[in-house]
J.: 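Sharing a structure, written as structure tokens. Questions coming.
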Amino acid sequence: MTANHASPPQPGRDTTATTVVLDLGPAPHDDPALEVHGPLEGDQLEAALDQVAVHHPDTLARPHLVDPHAPAPHTLRLPAGTATAFPWGLLADLLTHPAPGARTARSVPPTTLQRELLADADAHPGRHVERLTWAWHGRLDVDRFRASWQSVVDRESVLRAAFGDGPDPLLLLHDDVNAEVLWLPEGTVGWPDLVEHDLRRGLDPRLPPGLRVTVLGGSAGRGRDTPSRVLLTYHHALLDDWSARLLVRAFYRAYLADGRLPGGERRPDIRDYVRWLRRQDTAPARDYWSHAAPGADAVSPVPLTAAPGPATGRTEVRLDAALAERLTAWAAHWGSTESGVLQALWAVLLYRASGAEGPARVRFGVAVSGRGITLEGAERLPAPLRAPLPLSVEVDPRSTVATLLAEVRDRVLDMASYEWVSPGQIRDWSASSASASPASLASASSPASAPAATVSPASAPREAASPAPAYPDGSLLVFEGGPRPVDDLSAALAAQGVRVGRPEPLGARTAFPVTLVTRHDDDGGLVLTATHDPSPYADATEVLNDSASLLTEMPYLAADSTTVAELLRMLSTPPAASGPGAAGPPRAPAPGTPPEPPVVPLRPAAGPGAGTVCLVQTHGLPRTRYDQLAEAYRGPESVVLLRTTADDGQTAPDPLSDTDPLLVLAAYSGGGTAACETARRIATAGGRPPLVVLTGATTDDTAFARMLESVAARAGRPR
């Protein structure tokens with residue numbers, strides 16, 4: 001069979017055109033072979049075979065060149081012993097009649113995860129667009145800046161990639177794409193307005209390049225030294241956070257090399273990852289996820305409270321570096337990590353929001369990097385590998401915190417072997433395994449519960465490339481890791497008068513109603529950011545504050561004996577929740593319940609006249625911290641807590657007038673101003689000012705208690 005018959009050269013014809021000869025053998029379907037006469041590039045053949053795989057996914061056999069180094073004609077055959085029902089005719093068409101632009105664009109089939117992300121973005125415009133921002137201090141050479149990003153685009157095939165149109169679009173890899181770098185002089189627009197405009201503009205993954213860089217401020221030449229802000233915008237269907245940070249590092253290396261990266265295209269790239277995925281046996285993953293995926297009995301409430309006015313959809317809190325360091329050490333002691341502790345605490349918060357009594361199973365999504373795979377160089381690969389996978393945990397109030405931490409750790413370790421699968425695959429596998437239960441099937445195949453954003457007519461949803469995936473509903477936890485920051489490049493940048501900050505994410509809308517992202521900042525602190533679909537009736541502030549409070553509290557718990565019920569008692573009134581398994585509105589205090597007094601007794605004195613040690617509350621530290629300190633205190637004095645207001649950290653005018661002789665005012669870092677002001681008021685009123693003791697928030701409770709006992713004993717003696 002000849003796909004294109006050779007003919008004598010004619011004026012205006014391409015004399016280098018490819019001709020393909022398909023030999024089916026002496027008998028039908030007997031040892032077929034395909035000969036290619038004319039030029040045949042390796043990428044052209046790979047692209048054609050990839051398109052065949054897209055249109056015929058059941059075809060497992062893949063032809064190979066008999067001798068790839070032989071001169072034309074080239075011969076393709078199927079591996080020995082494979083089925084011969086291969087669509088040779090389609091392959092011949094693709095090799096001889098390439099699509100328009102095939103000389104400048106190769107194609108690969110997108111991964112399952114990419115198809116799902118693209119479908120969800122088409123159905124819900126505005127989702128999956130992420131932004132990183134950072135400060136650029138010092139001289140900025142705009143021409144060199146642009147050339148550096150162009151060098152990165154030239155090297156990284158994923159930045160020259162874009163999805164084609166159609167019901168099952170291919171990923172087109174273009175040879176030549178211009179980097180999109182926008183420079184706006186200082187004063188052109190305000191930074192908040194620029195960020196808002198960029199958000200409204202979005203980013204179309206069907207148009208290369210795969211990211212956009214915007215610079216506000218800086219110099220257009222080498223003569224000025226003006227601070228600048230950099231905004232990098234990308235789409236989750238092409239890049240993940242890890243990838244974006246890899247690309248920022250590559251850009252800095254190019255900038256230090258006068259705008260040009262050495263070497264050619266990076267490998268491995270997205271093509272290598274696609275090939276690696278196609279070689280994976282899905283049977284073990286199917287078996288694991290068909291049993292490990294959350295069942296219909298797992299609830300996934302959305303822990304949002306009612307907001308008094310229009311909510312921003314984004315809330316952020318921060319734990320300082322000392323608290324973050326202590327949390328890391330405590331987690332390691334229990335065989336866990338910061339992310340494991342956050343996942344366990346999130347399970348507790350969802351349990352509380354569900355209103356359950358007794359043991360209950362909760363479910364939520366966790367983002368996995370997708371880079372713990374056997375593909376060599378995966379940690380250096382810019383591609384959309386991060387995936388949201390479902391995690392279910394049983395929360396039993398009678399169980400210990402240590403047991404909960406261990407369960408979360410073990411489940412996350414188990415899923416790590418199969419983190420390359422997509423949410424849609426897990427949905428289908430779990431639905432198949434639950435076929436005996438109609439209720440389970442309905443739950444597994446239901447669409448995500450995230451409400452769609454309001455879309456203007458100009459940005460009406462595109463027809464989805466394929467049915468939108470049933471993402472795990474409820475909430476998603478993301479713990480940003482990624483490659484190391486640019487510390488190793490800082491000295492070289494400083495030598496050129498440049499200092500840069502760590503890129504910070506602004507938060508992308510995902511398919512989940514609530515997404516909680518945790519990351520480290522430049523100072524080593526832990527930053528928690530909650531993003532949810534914009535709504536005038538929802539706010540994540542309370543659940544975010546509860547998360548930070550519990551993370552602060554955890555290092556001071558004896559986890560081998562502390563129960564989940566005790567952890568729940570540390571929390572405030574449960575927030576309202578929505579979604580499956582949600583409870584009703586929060587329970588309000590009974591009418592007429594008096595507010596907590598400004599002075600709260602924590603420990604009685606051993607006898608009359610023993611004196612008082614007063615702990616001054618530091619805003620941001622949980623109440624239970626002071627209970628634990630009072631419990632560790634062994635002196636004869638009484639111990640009380642002097643509450644402060646959250647607004648200004650001030651105490652009541654004269655709250656301690658009825659206490660026993662006040663010997664000591666003690667506070668953790670941040671409460672010093674209130675403690676000293678209280679001592680000053682006592683002295684102004686003619687009383688004996690107590691001693692004031694301050695310590696860091698990470699000081700051991702027992703050690704601090706022993707110090708306070710010593711100071712109180714000294715203060716009780718005549719001074």
J.: Looking only at the aromatic ring of each residue, does the gap between the centers of Trp429 and Tyr288 stay below 6.0 angstrom?
T.: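 No, ring centres 6.0 Å or more apart.
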J.: Would you say the side-chain atoms of Trp183 and Thr214 include a donor-acceptor pair closer than 3.5 Å?
T.: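 On atom types as modelled, these side chains do not qualify, holding no pair under 3.5 Å.
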J.: Assess whether a salt bridge exists between Arg106 and Glu265, defined as any Lys/Arg side-chain N lying under 4.0 Å from an Asp/Glu carboxylate O.
T.: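 Judged by the 4.0 Å cut-off on N to carboxylate O distance, Arg106 and Glu265 do form a salt bridge.
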J.: Evaluate the side-chain proximity of Pro301 to Ser354: yes if any heavy-atom separation is below 4.5 Å, no if none is.
T.: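 The answer is yes; the side chains approach within 4.5 Å.
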J.: For Trp242 and Ser369, does a side-chain donor sit closer than 3.5 Å to a side-chain acceptor?
T.: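 Result is no, nothing qualifies.
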J.: Once you round to the nearest 0.5 Å, how far does CG of Leu516 lie from CG of Leu544?
T.: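 Separation between the atoms: 6.0 Å.
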J.: Looking at side-chain heavy atoms only, is the closest gap between Leu528 and Val517 below 4.5 Å?
T.: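 Not in contact.
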J.: Of the non-hydrogen atoms in Val421 and Ala285, which two are nearest, and what is the gap between them?
T.: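 Val421 and Ala285 have their closest heavy atoms at CG1-CB, 3.9 Å.
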J.: Carefully, step by step, assess Thr374 and Trp276 under the rule side chain to side chain donor-acceptor pair (under 3.5 Å).
T.: CA-CA 9 Å; Thr374 57; Trp276 181 89; 3.2 Å; yes
J.: Just one of Leu132, Val213, Val153, Leu211 clears the side chain to side chain contact (heavy atoms under 4.5 Å, CB included) bar with Leu247, so which one?
T.: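 The residue from Leu132, Val213, Val153, Leu211 that satisfies side chain to side chain contact (heavy atoms under 4.5 Å, CB included) with Leu247 turns out to be Leu211.
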J.: Quick one about His520 and Glu338 (side-chain donor to acceptor, distance below 3.5 Å, no hydrogens or angles considered), yes or no?
T.: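 The criterion, which ignores hydrogens and geometry beyond distance, is satisfied for His520 and Glu338.
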J.: Regarding Glu180 and Arg201, does a basic nitrogen lie under 4.0 Å from an acidic carboxylate oxygen?
T.: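 Arg201 and Glu180: salt-bridged.
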J.: Between Arg115 (side chain) and Pro110 (backbone), is there a donor-acceptor pair under 3.5 Å?
T.: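 Indeed, once roles are kept as given, a pair shorter than 3.5 Å links the two residues.
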J.: Treating Gln425 as the side-chain partner and Ser422 as the backbone partner, does any N or O pair qualify as donor plus acceptor under 3.5 Å?
T.: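 Yes; judged by distance alone, with no hydrogens or angles, the pair exists.
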J.: Any donor and acceptor pair, going by atom type alone, linking the side chain of Asp240 with main-chain N or O of Leu385 inside 3.5 Å?
T.: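 Side chain of Asp240 to backbone of Leu385, a donor-acceptor pair under 3.5 Å: yes, one is there.
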J.: Ring pair (Phe, Tyr, Trp, His ring centres under 6.0 Å), that's the test. Do Phe364 and Phe512 meet it? Break it down for me.
T.: CA-CA 10 Å; Phe364 51 94; Phe512 295 80; over 10 Å; no
J.: Is the centre of the Trp136 ring less than 6.0 Å from the centre of the Tyr255 ring?
T.: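 Yes, ring centres under 6.0 Å apart.
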J.: Taking the side chain as every heavy atom from C-beta outward, state whether Leu199 and Arg131 have any atom pair closer than 4.5 Å.
T.: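 Contact flag for Leu199/Arg131 side chains = yes.
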J.: Flag yes if more than 12 heavy atoms outside Glu376 fall under 6.0 Å of its CD atom; otherwise flag no.
T.: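 No - once you tally the heavy atoms of other residues, nucleotides and ligands closer than 6.0 Å, there are 12 at most.
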J.: Between Thr531 and Thr515, is there a side-chain donor-acceptor contact under 3.5 Å, judged purely by atom types and distance?
T.: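 Side chains of Thr515 and Thr531: no pair found under 3.5 Å.
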